[in-house]
Structure formats: structure tokens, C-alpha cells
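Chain naming here is simple, since letters A, B, ... match the order of the sequence lines and numbering starts at 1 in each.
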Amino acid sequence: MRIATWNVNSVRARVDRAVAWLQRSDVDVVALQETKCKDAQFPYEAFREAGYEVAHVGLSQWNGVAVVSRVGLEDVEVGFPGQPGWSSSADVEAAPEARAIGATCGGVRVWSLYVPNGRSLEDPHLQYKLEWLAALRDAGAGWLAADPQAQVALCGDWNVAPQDDDVWDMSAFEGSTHVTQPERDAFYAVVDAGFADVVRPHAPGPGTYTYWDYKQLRFPRREGMRIDFALCSPALAARVGGASVDREERKGKGASDHAPVVVDLV
DNA sequence: ATGGCGTGGCATCCACGA
């Protein structure tokens with residue numbers, strides 16, 4: 001079975017490319033992030049015609065996550081237990097955002113996660129990000145405590161570069177989010193809870209990235225970030241036979257600013 | 001020194017992204 005995670009940066013703008021990529025790459029399950037649409041706007045039909053079922057949650061033009069599968073799609077769960085909400089201002093009640101959806105596909109519990117960006121070091125959004133990751137760690141630890149043999153994939157755009165080699169130039173990130181110690185600690189807390197980055201061993205750095213800004217010729221200059229990860233439970237990590245970042249899909253007109261990350265299970 | 005792109009929305013500028 002081949003699973004993948006991909007921040008598509010608008011599923012409607014990318015639907016032809018996304019379906020073509022799925023078929024060309026022989027992918028069974030993909031976790032999509034930043035679909036940027038409401039449920040009713042999702043292009044279900046294009047995926048269905050290609051043989052894929054879709055579980056999606058989208059509440060507005062922001063965020064939006066989906067699990068897309070051709071090997072079954074069961075027990076769909078919108079949001080993880082304890083997932084924090086967000087409020088854009090003090091007089092607005094915090095509400096859940098469309099940043100997490102889980103489904104069981106071919107016996108694997110696949111989560112599509114879009115971790116909050118954090119925006120800037122002074123922004124309340126950064127605290128939200130840290131709380132969100134802490135809650136995810138707790139939820140993940142709970143799943144493994146309930147079933148140590150669970151096959152769980154935490155797939156998504158984590159918006160954290162855990163190692164210095166995960167950005168092209170650390171000096172370009174002074175005073176920025178994504179590389180701070182608290183963010184890295186929050187990421188590694190999930191790892192310490194039992195979820196391993198199964199891609200890095202097969203796609204080592206430096207120079208392996210999953211995101212390149214549209215601006216400043218970042219992609220041709222090979223100036224990117226590794227921020228998209230598939231973190232797998234022990235039982236699932238034991239099945240991983242290979243993994244890669246599909247840098248080719250970042251090329252050309254109409255590409256997302258993120259490349260798909262692919263994991264092969266044996 | 002700044003911003004340079006791309007997407008979506010009660011749009012013709014704003015919010016958001018990393």
C-alpha cells in the first residue's frame with residue numbers, strides 16, 4: 001500500500017493535477033491539507049471517477065483537510081480529541097477549525113493534519129500552534145496506550161522545521177516561526193510519544209525539502225523547507241519499505257507550493 | 001530596505017500563507 005501527504009494549496013485550483021498525480025503515482029491513500037473550500041465545494045466527482053472516496057472537512061476558504069482513499073474509508077473522525085479552537089479576536093469565542101480529519105483506510109488509521117502556522121513570534125497564533133501540537137501529542141499517546149499495535153499515520157503539514165538542515169539557510173529564519181525551540185520541542189513531543197518520521201531515513205538531508213515559497217525563485221534556487229511529515233506508530237513504521245518527496249510535482253505552471261510526500265508500506 | 005507569488009472572497013483590496 002502506498003500512502004501520501006500533500007498540502008495542495010486549494011483543491012479546486014489543483015483538482016486536475018491532483019487526480020493525475022494520484023493515478024500516475026499509483027497512490028492508494030493521500031492526506032490533503034489546505035483544500036481551501038467548504039465541504040459542498042469539494043470536487044468529489046473528479047476523485048470518485050478515478051476510483052477514490054473522500055472524507056473532507058472544510059468550513060470556509062481557510063484550512064480544510066481531507067483523506068482520499070481507494071482502499072476503503074471507515075470511521076471518519078473530524079478533529080482529534082482535545083483539539084483546541086481558534087479565535088481571531090478577544091470578543092469572539094474560540095471555535096474549531098478544519099485542521100484534522102481521520103479515517104481508517106486498508107487497516108491504517110490515517111490522519112490529515114494542518115498544524116497552525118504561528119504567523120510570528122509575538123502573535124497569539126503561535127501559542128495556539130503550540131497548544132494544538134500538545135493536544136495532538138496527548139491524543140496520539142492515548143491511541144497508543146489504548147492499542148500499542150495500532151497502525152496510525154499522522155500525516156500533514158506540520159509547519160515546523162525540526163532540524164537546522166530542514167531549511168536552506170538558518171540565518172534567513174532569525175526571528176521567525178517554524179524553527180524555534182518551543183515549536184521543535186512540540187514536534188518532538190509527538191515523536192517521543194511513539195510516532196516516528198518514516199521519511200527522513202529514506203530521504204535524508206540536507207537539501208531535501210517539501211515546501212518552496214512561490215516568491216523569490218525559491219524552487220529553482222532549491223531554497224525550501226522540510227515541514228511536511230508522515231509520523232507513524234511503531235506497528236506501522238515497521239511496515240515502511242521506502243519513502244520519498246516528489247519534487248517533480250512542484251514543477252511547472254499550476255503547482256502547489258508543497259510537494260507530495262510518499263510512503264510505501266510492505 | 002522592501003517585496004517579489006498564489007488563492008479565495010458578499011473582491012477590484014484584503015486576509016492568509018511559511
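- Within the nucleic acid shown, A:Y114 comes within 4.0 Å of sugar-phosphate atoms alone, with no base atom in reach, counting heavy atoms only.
- Across all strands, A:I227 comes closer than 4.0 Å only to sugar-phosphate atoms, never to a base (heavy-atom distances).
- Residue A:D123 is classed as having no contact, given no heavy-atom separation below 4.0 Å to the nucleic acid.
- Considering only the side chain of A:Q61, B:dG9 comes nearest among B:dA18, B:dC5, B:dG9.
- For A:W62, the side-chain atoms get nearest to B:dA15 when compared with the rest of B:dA18, B:dG4, B:dA15.
- Contact annotation: the side chain of A:R184 approaches that of A:V160 to within less than 4.5 Å [non-hydrogen atoms, C-beta and beyond].
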Note to self: Checking A:W132 against A:W158 for the ring-ring contact (aromatic ring centres under 6.0 Å, His included) test, could you report, in this order, the C-alpha distance in whole Å, the side-chain angles of both residues, the deciding distance, and whether it holds?
What the structure shows: CA-CA 11 Å; A:W132 204 95; A:W158 292 72; 8.0 Å; no

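- Sparse packing is recorded around CD of A:E174, with 12 or fewer heavy atoms of other residues, nucleotides or ligands lying under 6.0 Å away.
- Using a 4.0 Å heavy-atom criterion, one finds that A:Q41 contacts the sugar-phosphate atoms exclusively.
- The side chain of A:N7 has B:dA18 as its nearest neighbour among B:dG6, B:dG8, B:dA18.
- A close approach under 4.0 Å does occur between a side-chain nitrogen or oxygen of A:N159 and OP1 or OP2 of B:dA18.
- In terms of phosphate contacts, A:R14 brings no side-chain nitrogen or oxygen within less than 4.0 Å of OP1 or OP2 of B:dG8.
- For A:Q216, the listed nucleotide lying nearest its side chain is B:dG4; candidates were B:dA18, B:dG4, B:dG8.
- The A:R119 side chain lies nearest to B:dC16 when the options are B:dG6, B:dT7, B:dC16.
- In terms of phosphate contacts, A:H258 brings no side-chain nitrogen or oxygen within less than 4.0 Å of OP1 or OP2 of B:dG17.
- A distance of 6.0 Å or more separates the ring centres of A:Y214 and A:F219.
- Between A:N9 and B:dT7 there is no side-chain polar atom (N or O) within less than 4.0 angstrom of OP1 or OP2.
- Ion pair A:K215/A:D257 not flagged as a salt bridge, since none of the NZ, NE, NH1 or NH2 atoms sits closer than 4.0 Å to an Asp/Glu carboxylate oxygen.
- Taking every side-chain heavy atom of A:K36 into account, B:dG6 is the closest of B:dG6, B:dG17, B:dG9.
- In this model, the phosphate group of B:dA18 is not approached by any side-chain N or O of A:T177 to a distance below 4.0 Å at OP1 or OP2.
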